[in-house]
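Each remark here refers to the structure printed beneath this line.
We name chains A, B, ... by the order of the sequence lines, and we start the count at 1 in each one.
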Amino acid sequence: MKLSWGFVPTLKEDPSDAIMPSHKLMIRAGLVRPLAAGIYSFLPLGWKVAKKVMQIIREEMDAIGGQEFHLPALNPIELWEETERLRDFGDVIFRIKNRPLVLAPTHEEVICHIAKHHIKSYKDLPQIWYQIQTKFRNEPRPRSGVIRGRQFIMKDSYSLDASWEGLDKSYELHKQAYIKIYTRCGLKFFMVGASTGAMGGSASEEFMVESQYGEDTVVLCDKCGYAANTEIAQSNVPPAKRYPESQPLKEIYTPNVRTINELAQFLNVPTEILAKSLVYKHNGQPVLILMLGNDQLVEAKLLKALGGGEISPIEPEELKNLTGANAGSIGPVGLKNFKIIADNRLKDANNLISGANKDDYHIANIDMLRDVKVDGYFDLRKVEEGEPCINCGNPLRIINAIEIGHIFKLGTKYSEAMKATFLDENGQEKPIIMGSYGIGVERIIACHIEQNHDENGIIWDKSIAPYQVHLISVNTENPKVVEVSDKLYEKFNAEKIEVIYDDRLDVSPGFKFKDADLLGMPLQVIVSERNLKNNQIEIKVRKTGERILVNLEEVITEVKKMLEI
RNA sequence: CGGGGCGUAGCGCAGAUGGUUAGCGCGCUUGCCUUGGGAGCAAGAGGUCCCCGGUUCAAGUCCGGGCGCCCCGACCA
């Protein structure tokens with residue numbers, strides 16, 4: 001491609017509303033343009049990168065026996081009612097106004113629909129079906145350029161198995177394929193245990209890229225390798241104590257004390273004997289949640305403990321009506337018509353202090369066994385930096401990360417709901433056992449740029465660079481330079497080396513160099529008057545800045561060597 | 001969905017207390033000139049000042065409403 005006619009609109013200045021380097025650079029280098037919030041147009045250069053990423057994904061999915069589909073983005077709304085996900089997704093699902101259709105945010109339903117009609121026997125299994133397709137999600141807040149959009153490209157695949165062992169195998173195949181895909185795309189990444197969320201299922205893992213801009217927080221142990229999303233992460237923090245003797249309950253006057261810290265200070269006691277009460281509504285019913293001290297509640301854990309459904313913090317007014325007290329004075333003792341669950345750290349503890357359900361009063365010496373009717377203990381707390389690792393005791397680290405892939409063992413949630421069954425060896429009807437696996441294509445591109453850029457621009461890995469070579473002619477007033485450059489361009493093309501050629505006659509050398517660094521092709525081949533005098537051509541490595549001079553006749557050979565092709 | 005910010009030329013922005021013909025840099029067009037790190041000179045083109053309504057002799061500017069975009073939070077399959 002020649003820049004004299006190619007559409008590569010580069011920008012000298014950063015777009016004002018971009019924060020992340022990848023967002024700025026994708027726009028400045030002419031890869032994408034915003035159309036609306038969370039909606040981007042891919043321009044030729046960006047689309048070329050996307051196609052390379054998709055090709056890598058395709059090759060690795062094919063290698064594990066995946067079969068590529070192309071499923072419709074428009075789905076009948078009934079399909080989504082069958083699995084109740086129309087309700088579960090809520091406003092996130094785009095609905096079509098003039099037909100009973102929705103824009104699919106993912107494709108478990110369609111896969112099940114096909115499987116239901118065509119998978120009849122255990123002999124038809126296993127299957128791995130995948131597609132690379134545009135997904136639609138009405139995100140409440142798109143952000144970070146292409147990283148969270150309302151429309152995005154996703155590789156989604158689905159495994160269909162006759163047994164749980166089969167699912168394990170399909171899951172493992174995907175895990176290995178994903179490792180290869182991200183490695184080939186030149187990403188530094190890691191895996192964490194993750195929450196299955198509303199997708200359901202028994203287990204899931206996420207592929208993560210460390211980034212200060214990441215929307216996820218993950219807990220890492222540098223010693224034993226423990227890694228988990230904070231949505232499920234646990235640590236080895238000590239539980240609250242159980243003293244030999246439980247003191248009698250005692251009401252204490254605590255004027256204007258609202259928070260745990262204020263309470264600890266007011267009573268001059270450690271936070272480890274204080275039980276914090278939170279009230280949520282679960283499917284419309286109030287639930288009291290007891291946490292130790294200043295422990296933070298993880299809503300994903302709470303949702304899991306409650307078995308799914310809808311949860312939200314209770315409104316202050318309703319809280320007052322139900323308990324007679326305001327937040328800050330709520331407690332488990334004497335509370336009626338509330339489901340009460342507690343964090344594991346509080347199990348069997350005694351001599352605790354919590355709210356009295358009366359403003360400005362707390363109750364001391366609460367014994368979880370004697371005074372509280374607990375409906376269950378669960379891990380509900382957020383792990384904090386420096387707490388001992390659950391496996392080895394080493395202090396844990398907490399970092400932000402961007403999720404670039406997620407793999408789920410779904411089980412039979414969808415096949416049961418949609419009656420996608422098969423006959424097993426004994427002629428018994430069984431639901432198909434499913435797995436679901438996703439990769440965000442734009443996120444791979446954005447994360448690659450996050451990890452590979454400098455103050456001048458992008459530094460592409462050759463595996464997904466739009467072009468391998470950026471050919472530059474400087475001193476175009478010299479006909480010899482133009483002639484040699486043109487010939488080199490033809491030669492690169494003949495040799496099937498992808499080349500973008502800055503053949504513009506009216507652009508100064510400095511401008512071309514800046515553009516080349518911004519676009520970030522792995523090698524720059526520079527044809528100039530001063531080097532041509534000695535029959536030499538300059539090759540610059542974008543990543544290292546290293547420059548070498550080679551004889552004109554050796555350029556192609558040298559470039560091939562440097563690109564290892 | 002809560003909180004904050006912004007909306008003026010393709011992009012980045014300036015336009016106190018309302019007051020002529022709305023500016024600046026970059027980019028764009030034409031000409032001259034220039035060619036190793038985003039050159040220079042000259043002449044140009046380009047505007048629904050986000051939209052609707054109001055106040056006023058007069059609104060980019062003040063008031064009301066709406067829309068859009070960004071950021072923080074909530075949510076995130």
How would you label the contact of [X] with the nucleic acid (heavy atoms, under 4.0 Å): base, sugar-phosphate, or nothing?
X      : value
A/E299 : sugar-phosphate
A/D517 : base
A/R504 : nothing
A/K540 : base
A/P140 : base
A/N229 : nothing
A/D91  : nothing
A/E538 : base
A/S144 : sugar-phosphate
A/I147 : nothing

Is it the case that [N] (base atoms only) and [X] (side chain only) share a donor and an acceptor within less than 3.5 Å, ignoring hydrogens and angles?
X      : N     : value
A/R28  : B/G27 : no
A/R143 : B/G73 : no
A/N456 : B/G37 : no

Spacing of the [atom1] atoms in [M] and [N] (rounded, Å):
N     : M     : atom1 : result
B/G7  : B/G12 : C1'   : 14 Å
B/G23 : B/G15 : P     : 16 Å
B/A58 : B/G68 : C1'   : 29 Å
B/G37 : B/C72 : C1'   : 39 Å
B/G38 : B/U30 : P     : 24 Å
B/A9  : B/U34 : C1'   : 28 Å
B/G2  : B/A74 : C1'   : 8 Å
B/U55 : B/C62 : C1'   : 8 Å

With a 4.5 Å limit on heavy-atom distance, are the side chains of [X] and [Y] in contact?
X      : Y      : answer
A/K409 : A/W164 : no
A/F190 : A/V209 : no
A/I232 : A/V192 : no

Between [X] and [N], does any side-chain N or O lie under 4.0 Å from OP1 or OP2?
X      : N     : result
A/S508 : B/A39 : yes
A/N478 : B/U35 : no
A/R141 : B/G2  : no
A/R137 : B/C76 : no

Measure the distance from [atom1] on [X] to [atom2] on [N] and round it to the nearest whole Å.
X      : N     : atom1 : atom2 : result
A/R530 : B/G36 : CZ    : C1'   : 5 Å
A/F89  : B/C75 : CZ    : C1'   : 13 Å
A/F513 : B/A39 : CZ    : C1'   : 14 Å
A/E205 : B/A77 : CD    : P     : 16 Å
A/M20  : B/C70 : CE    : P     : 15 Å
A/I19  : B/C6  : CD1   : P     : 15 Å
A/I439 : B/A77 : CD1   : P     : 17 Å
A/R547 : B/G36 : CZ    : P     : 13 Å

Does the side chain of [X] pick up a donor-acceptor pair with the side chain of [Y] at under 3.5 Å?
X      : Y      : result
A/N551 : A/E558 : no
A/N75  : A/E109 : no
A/H174 : A/S157 : yes
A/Q151 : A/T134 : no

Discussion item. Can you confirm whether more than 12 heavy atoms, excluding those of A/H113, are under 6.0 Å from its NE2 atom?
Written reply: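 No, the 6.0 Å shell around NE2 holds no more than 12 heavy atoms from other groups.
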Detail all sub-3.5 Å separations between protein N/O atoms and N/O atoms belonging to nucleotides 8-14 of chain B.
{"unit_1": "B/G12", "atom_1": "OP1", "unit_2": "A/S16", "atom_2": "OG", "d": "3.3"}
{"unit_1": "B/C13", "atom_1": "OP2", "unit_2": "A/S16", "atom_2": "OG", "d": "3.2"}

### Query
Rounded to the nearest 0.5 Å, how far apart are CG of A/N294 and CD1 of A/I260?
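The CD1 atom of A/I260 is 6.0 Å from CG of A/N294, to the nearest 0.5 Å.
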Atom pair OH (A/Y280) and CD1 (A/I289), whose distance is rounded to the nearest 0.5 Å =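 If we round to the nearest 0.5 Å, A/Y280:OH and A/I289:CD1 are 6.5 Å apart.
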Checklist entry - Minimum heavy-atom separation for A/Q468 to A/M521, with atom names? => result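 Looking at all heavy atoms of both residues, the shortest contact is O-CB, 4.1 Å.
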Check your understanding: Given A/F408 and A/H406, is the ring pair (Phe, Tyr, Trp, His ring centres under 6.0 Å) satisfied, shown in steps?
Key -> CA-CA 7 Å; A/F408 294 90; A/H406 203 160; 4.0 Å; yes
Of A/D88, A/V102, A/T106, the residue whose pairing with A/I93 passes side-chain contact (heavy atoms from CB on, under 4.5 Å):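 Testing each of A/D88, A/V102, A/T106 against A/I93, the sole residue satisfying side-chain contact (heavy atoms from CB on, under 4.5 Å) is A/V102.
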Judged by nearest nucleotide, the residue sitting upstream toward the 5' end of RNA chain B, A/D506 or A/T10, is A/D506
By nearest-nucleotide position on RNA chain B, the 5'-leaning member of A/S195 and A/G145 is A/G145
- Side chain of A/A37 (C-beta onward), nearest among B/G38, B/C70, B/G37: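 The listed nucleotide nearest to A/A37's side chain is B/C70.
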The dot-bracket string of RNA chain B, counting Watson-Crick and G-U wobble pairs with both distances under 3.5 Å, using [ ] for crossing pairs and | for pairs to another strand, is (((((((..((((.....[...)))).(((((.......))))).....(((((..]....))))))))))))....
